[in-house]
Amino acid sequence: MAHELKIPQSGESITEVEIGEWLVQEGEFVAVDEPVVVIETDKASMELPAPVSGTLAKILVAEGDEAAVGDVIGVMEEGEAAESKGSAEAPAAAAAPAEAAAPEAAASEATDEDARVMPAARRLLDEHGLAASAVKATGPGGRLLKEDVQRHLESSSSGAAPAPAAKPAPAPAAKPAPAATGPRQEERVKLSRLRRTIATRLVEAQQNAALLTTFNEVDMSAVMALRKKYQPEFVEKYGRKVGFMSFFVKAVIEGLKEIPGLNAEIRLEDREVIYRNYYDIGIAVGGGRGLVVPVIRNAERLSFAEIEATITELAVKARDNELEPEDLEGGTFTISNGGIYGSMLSTPIVNPPQSGILGMHNIVERPVAVNGEVVIRPIMYLALSYDHRIVDGREAVTFLVRVKKAIEDPARLLLEV
């Protein structure tokens with residue numbers, strides 16, 4: 001029985017998507033609920049699962065092409081693996097009976113590693129004579145993607161320049177130096193729909209808002225001591241560690257309560273400012289497919305443990321490309337943690353239509369003056385970018401000082417002072 005692969009509804013504002021990589025090729029068998037194709041929307045990448053177990057009989061929309069919600073992009077023939085394989089290879093069986101007569105031998109050569117290698121990645125591996133074990137897999141469930149192989153090839157070509165056969169004679173002073181030798185490769189890759197949307201929104205943010213950034217530094221000693229003291233009990237009770245992000249989410253909420261303009265949205269067309277009395281905090285997450293900002297809803301109502309659980313869930317979904325449009329919609333303020341990548345300082349860009357974003361950075365031991373003495377303390381630089389149309393400099397600095405005080409004295413978060 002034939003089953004159509006249709007583009008599902010992916011959110012109220014999404015009417016078109018772009019077809020990413022086909023994870024299964026025509027004639028290949030796929031089990032029910034296993035991913036068949038990657039779909040790129042304006043907000044996230046997601047995988048379309050197989051509705052039944054069977055063979056992908058026909059691909060109707062190629063990689064890189066666009067399709068509307070409800071369009072049929074492929075056809076699957078329902079059936080077991082053996083049946084699907086037999087029906088797909090029936091025409092070839094008459095021409096090559098010896099090849100069809102040994103399905104068990106071919107099956108015995110397949111390994112679990114082969115099952116996790118996507119077809120496009122397998123073709124690249126074969127073209128360059130690479131083993132799958134030599135390439136780091138980053139796909140969902142440990143799958144080896146085409147992008148993984150491409151990154152491996154790029155790093156290999158850039159890291160190993162061919163040695164010259166013989167030491168060249170020094171060139172005369174009057175002659176120009178010889179041209180550089182070695183591979184000079186170029187690769188043309190089409191921008192994904194998600195990356196195009198990110199680029200458009202970031203440019204619009206800088207063109208349409210009066211962005212300004214203010215900085216401060218925070219001593220992380222108190223938070224680090226608190227985590228160290230109660231981490232074993234926290235893990236035993238909740239099954240996960242308490243991180244820095246939950247402290248900053250709580251501190252940001254206290255700052256937003258004091259400076260509501262940073263939790264507001266300006267609408268010039270209506271000549272209005274929308275002040276919100278709830279706090280949906282976006283957490284910026286960078287990945288191979290682009291920057292996404294999943295949202296912690298009603299963060300002011302959540303405990304430290306609930307915030308940590310929500311962040312963990314969203315991070316796993318982002319890593320596995322399983323974020324839904326509703327995970328990304330809304331958000332009243334954003335936190336970006338460039339420190340996990342080693343960033344010392346940055347000027348984050350506001351995520352419109354929000355009015356502010358807090359940038360966290362790496363923690364470095366620095367000499368500071370405390371009570372007239374120079375001591376070494378773990379210091380983090382903080383950066384607040386804000387829309388100057390709605391937030392004044394005094395308010396921005398007040399917010400950042402409020403966050404600083406809450407982190408340096410976490411008891412303030414409990415007492416809300």
Side-chain angles (χ1 to χ4, degrees), residues 8 10-11 14 17 20-21 23 31-50 112 115-118 121 135-148 151 192 194-195 197-198 227 231 234-250 252 279-299 301-331 333-343 351 358 360:
S10 304
I14 297 176
V17 302
E21 180 183 5
L23 305 176
V32 63
D33 291 334
E34 286 190 357
V36 179
V37 61
V38 176
I39 297 174
E40 304 276 356
T41 73
D42 292 346
K43 298 180 178 179
S45 299
M46 61 188 71
E47 295 175 340
L48 182 64
D112 292 340
R116 293 192 296 269
V117 179
M118 294 297 98
V135 182
K136 182 180 179 181
T138 64
R143 296 185 181 90
L144 185 65
L145 307 178
K146 178 177 67 175
E147 291 84 354
D148 298 330
R151 280 193 294 269
S192 67
L194 174 61
R195 178 58 68 181
T197 302
I198 292 171
R227 290 177 68 240
Q231 192 74 277
F234 192 92
V235 172
E236 181 179 357
K237 183 172 182 179
Y238 299 108
R240 60 177 51 84
K241 292 183 178 181
V242 58
F244 293 119
M245 187 61 76
S246 54
F247 286 92
F248 277 93
V249 170
K250 288 288 189 179
V252 159
Y279 304 91
D280 290 351
I281 307 300
I283 306 296
V285 179
R289 296 186 182 275
L291 179 71
V292 292
V293 188
V295 178
I296 304 175
R297 308 286 178 190
N298 298 310
R301 304 179 187 176
L302 303 180
S303 66
F304 277 81
E306 290 170 330
I307 291 174
E308 291 292 344
T310 304
I311 291 174
T312 300
E313 178 186 355
L314 293 173
V316 170
K317 293 175 72 173
R319 181 196 65 194
D320 295 340
N321 294 317
E322 294 177 354
L323 286 171
E324 302 292 338
E326 53 267 23
D327 294 325
L328 305 169
E329 292 175 349
F333 187 88
T334 296
I335 301 176
S336 176
N337 186 8
I340 60 176
Y341 306 111
S343 172
N351 182 24
L358 178 70
M360 300 166 54

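Please read these numbers as outputs of a predicted model, since none were measured by experiment.
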Where is the tightest heavy-atom contact between [X] and [Y], given as atom of each residue plus distance?
X	Y	answer
I39	P8	CD1-CD, 4.1 Å
V285	A318	CG1-CB, 4.1 Å
L323	L314	CD2-O, 3.9 Å
V249	A299	CG1-CB, 4.0 Å
E47	P35	OE1-CB, 3.4 Å
A31	A50	O-CB, 3.6 Å

Identify, with sequence neighbours excluded, every residue that meets side-chain hydrogen bond (donor to acceptor under 3.5 Å, both in side chains) alongside [X].
X	answer
N351	R201
S246	E308
D280	none

How far does [atom1] of [X] sit from [atom2] of [Y], to the nearest 0.5 angstrom?
X	Y	atom1	atom2	result
E329	E324	CD	CD	10.5 Å
I311	I335	CD1	CD1	7.5 Å
D327	R297	CG	CZ	7.5 Å

Side chains of L48 and V36 in contact at under 4.5 Å (non-hydrogen atoms):
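Result no, sub-4.5 Å side-chain heavy-atom pair not found.
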Heavy-atom side-chain contact between V252 and L358 under 4.5 Å
yes
Identify, with sequence neighbours excluded, every residue that meets ring-ring contact (aromatic ring centres under 6.0 Å, His included) alongside F248.
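F248 satisfies ring-ring contact (aromatic ring centres under 6.0 Å, His included) with no residue once adjacent residues are dropped.
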Taken in chain and number order and not counting sequence neighbours, the residues that satisfy side-chain contact (heavy atoms from CB on, under 4.5 Å) with L302 are I296, E306, I307, T310
Does the pair M360 and M245 meet the rule for a side-chain contact (heavy atoms from CB on, under 4.5 Å), with working shown?
CA-CA 9 Å; M360 300 166 54; M245 187 61 76; 4.0 Å; yes
Side chains of residues 235-244: which donor-acceptor pairs under 3.5 Å do they make with residues two or more places apart or in other chains?
none

